[in-house]
Amino acid sequence: MKKLCMSLRLSAAMAIGMALSGCVPDGPALEQEFRDSGQICFSVKGKVIHRYDPLLWQSVTGLNSCEFTVCDDNMSDFYTLRCSGVPREEGETFKCDATWSTYSDIKRKKYLEFKVVKADRTSGVVWLWCSSAMIGAAVMTAE
């Protein structure tokens, strides 16, 4: 009986350890998932916080073309990315400030380094990824 209890405890501990290690994908996997989704969205650590719906959402580019806001029509749900330059080509990096709404708060992260991980010239959509904060933001450029 004692052996069975120890065996069950060991099995439970191993299962918990495996579950915990498998629950949080690493940064490169999250980046790949974000890039491959093709969605215009804002995600944090693999969780999509906001998803653009062309029927209910709008995309606005600031006058200097370095600020992007994607919001619902009543502006209660949104994300904004203020970049040090205009993202166009894969591989470019920019310092950006990110601001987004949650169900109960407005979150801000400043001076993050985002990299353009995908760019679609036809639609003007650019996917930017911050590996340190694991934040993905897809924005529509004015071009």
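Nothing fancy with the numbering, it's 1 onward along the sequence. Keep in mind that the numbers below use all heavy atoms, side chains included, and drop hydrogens, waters and symmetry copies.
Looking at heavy atoms from C-beta onward, M75 lies out of side-chain contact with T69 at the 4.5 angstrom threshold. Contact of the W129 side chain with the S43 side chain is registered, since non-hydrogen atoms from C-beta on lie closer than 4.5 Å.
Here the shortest heavy-atom pairing between I49 and S101 reads CG2-O, 3.8 Å. Taking both residues in full, the closest heavy atoms of L112 and C130 are given as CB-SG, 3.8 Å, listed atom of the first, atom of the second, then distance.
Between F42 and H50, the angle of the ring planes lies from 30° to 60°, which puts this pair in the tilted group.
Within the 3.5 Å criterion, the main-chain N or O of V86 finds no donor-acceptor partner in the side chain of S65. Looking only at distances, no side-chain donor or acceptor of S59 sits under 3.5 Å from a matching main-chain atom of V139. In this structure a side-chain-to-backbone donor-acceptor pair under 3.5 Å is present from W127 to Q39. In terms of modelled atom types and a separation under 3.5 Å, the side chain of D72 and the main chain of D77 share a donor-acceptor contact. A donor-acceptor pair is defined here as one N or O able to donate and one able to accept, closer than 3.5 Å; such a pair exists between the side chain of D97 and the backbone of Y111. No donor-acceptor pair under 3.5 Å is formed between the side chain of D105 and the backbone N or O of K107.
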Could you go through V126 and R88, starting from their C-alpha distance and side-chain angles, then the distance that decides it, and tell me whether this counts as side-chain contact (heavy atoms from CB on, under 4.5 Å)? CA-CA 7 Å; V126 177; R88 291 188 179 100; 6.0 Å; no
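Under a hydrophobic clustering in which Ile, Leu, Val, Met, Phe, Trp and Tyr are joined whenever their side-chain heavy atoms come within less than 4.5 Å, directly or via other members, V60 and W100 fall into different clusters. Note on L128 and F78: separate hydrophobic clusters, where clusters join Ile, Leu, Val, Met, Phe, Trp and Tyr whose side-chain heavy atoms are under 4.5 Å apart, directly or indirectly.
Around the NZ atom of K118, the shell of radius 6.0 Å holds more than 12 heavy atoms that belong to other residues, nucleotides or ligands.
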